[in-house]
Amino acid sequence: MARKLFVNLPVKDLDKTVEFFTGLGFSFNPDFTDENATCMIVNDDAFVMLLVEAYFKTFTSKSVAEVSAAAEVIMSFSLDSREAVDELVRKALTVGGSPSQEAQDYGFMYTHSFQDPDGHLWEVFWMDPAGPPKDAAL
C-alpha cells in the first residue's frame, strides 16, 4: 500500500492562501476544510494541510518559524515539462507569490521556485524520466 504524505503549513490568512493555490490549479477537500484549515490536494497520495497559525500552534510546543526571515522547509513537486515549470512559476508570481531562486538547468533536470503569500518556499521541477547521466554531479 502506498503511503500518503501530509505536509502541515501555518498560514496567516487562510482565504488569501486558498485563493493563491486555487490560482495555481490546486483543489481542496471540503471534508477537511473549515475556518481553521483546509486540505490542498497535490495528488492521490500527497496533501498540504494549510492551517491558520493559531490552530497550527495547537499541534506543537515549538514556536512557529517566521518564514520571512528563515526557511523551515522547501516543498517540491514535479511537472511534465520545462515549459510547464516556467508557466506555473509565472502564474504563481501573477497571483500573489514572490520570486525565490532563479531557474536552474541541469540538463536532465530543470527547477524553478517561488514563495507563497506566507513566504513558504516551493520548488517546481521537471526531470528526464531516464534520470541523470552516470557522470552527473547532483
**Heavy atoms of other groups near Leu5 CG, more than 12 under 6.0 Å** = yes

**Request:** Output all residues satisfying side-chain contact (heavy atoms from CB on, under 4.5 Å) with Asn43, sequence neighbours left out; order by chain, then residue number.
**Result:** Asp45, Ala46

**Request:** Output yes when Lys16 and Glu19 qualify as a salt bridge under the 4.0 Å nitrogen-oxygen rule, no when they do not.
**Result:** no

**Check against side chain to side chain contact (heavy atoms under 4.5 Å, CB included), His120 and Glu72** = CA-CA 8 Å; His120 299 292; Glu72 86 284 29; 2.8 Å; yes

**Item:** Test log, rule side chain to side chain contact (heavy atoms under 4.5 Å, CB included), inputs Leu79 and Glu87
**Value:** CA-CA 10 Å; Leu79 293 174; Glu87 177 57 29; over 6 Å; no

**Request:** State yes or no: are the ring centers of Phe6 and Phe32 separated by less than 6.0 Å?
**Result:** no

**Prompt:** For Asn36, does its backbone N or O pair with a side-chain atom of Asp34 as donor and acceptor, under 3.5 Å?
**Reply:** yes

**Item:** Closest heavy-atom pair and its distance - Val42, Phe26
**Value:** CA-CE2, 4.2 Å

**Message:** Which residues end up grouped with Val67 if you chain together Ile, Leu, Val, Met, Phe, Trp and Tyr wherever their side-chain heavy atoms are less than 4.5 Å apart?
**Reply:** none

**Prompt:** Between Asp118 and Val11, what is the shortest heavy-atom contact and its length?
**Reply:** OD2-CB, 3.3 Å

**Prompt:** Of Ser68, Ser98, Pro99, which meets side-chain contact (heavy atoms from CB on, under 4.5 Å) against Gln115?
**Reply:** Ser98

**Prompt:** Can you name the closest pair of heavy atoms from Ser113 and Ser100 and give their distance?
**Reply:** OG-CB, 3.3 Å

Just list the side-chain donor-acceptor pairs under 3.5 Å for residues 49-63, sequence neighbours left out, or say none.
from: Glu53; atom 1: OE2; to: Lys12; atom 2: NZ; distance (Å): 2.8
from: Thr58; atom 1: OG1; to: Tyr55; atom 2: O; distance (Å): 2.6
from: Thr60; atom 1: OG1; to: Lys62; atom 2: N; distance (Å): 3.0

**Message:** Quick check on the hydrophobic clustering: are Ile74 and Trp126 connected, directly or via other members, by side-chain heavy-atom contacts under 4.5 Å?
**Reply:** no

**Request:** Can you sort out the partners of Met127 under side-chain contact (heavy atoms from CB on, under 4.5 Å), two or more places apart, ordered by chain and number?
**Result:** Phe108, Met109, Phe125

**Complete:** By side chain to side chain donor-acceptor pair (under 3.5 Å), Thr33 pairs with (sequence neighbours left out) Thr38

**Prompt:** What is the minimum heavy-atom distance between Asp86 and Tyr110, and which atoms define it?
**Reply:** OD1-OH, 2.6 Å

**Asked** Are the side chains of Val48 and Phe77 in touch, meaning some heavy atoms are under 4.5 Å apart?
**Response** no

**Prompt:** Do Val124 and Tyr106 share a hydrophobic cluster, counting only Ile, Leu, Val, Met, Phe, Trp and Tyr and linking them when any side-chain heavy atoms are less than 4.5 Å apart?
**Reply:** no

**Message:** Let me confirm one number: the CD-OG1 distance from Gln101 to Thr111, rounded to the nearest 0.5 Å.
**Reply:** 9.0 Å

**Item:** Pairwise distance CE(Met75) to CG(Leu9) - rounded to 0.5 angstrom
**Value:** 4.5 Å

**Pairing residues for Ala71 by the side-chain contact (heavy atoms from CB on, under 4.5 Å) criterion, not counting sequence neighbours** = Leu121

**Request:** Compare every heavy atom of Phe114 with every heavy atom of Leu93, then report the nearest pair and how far apart it is.
**Result:** CD2-CB, 4.4 Å

**Prompt:** Minimum heavy-atom separation for Phe20 to Asp116, with atom names?
**Reply:** CE2-CB, 3.7 Å

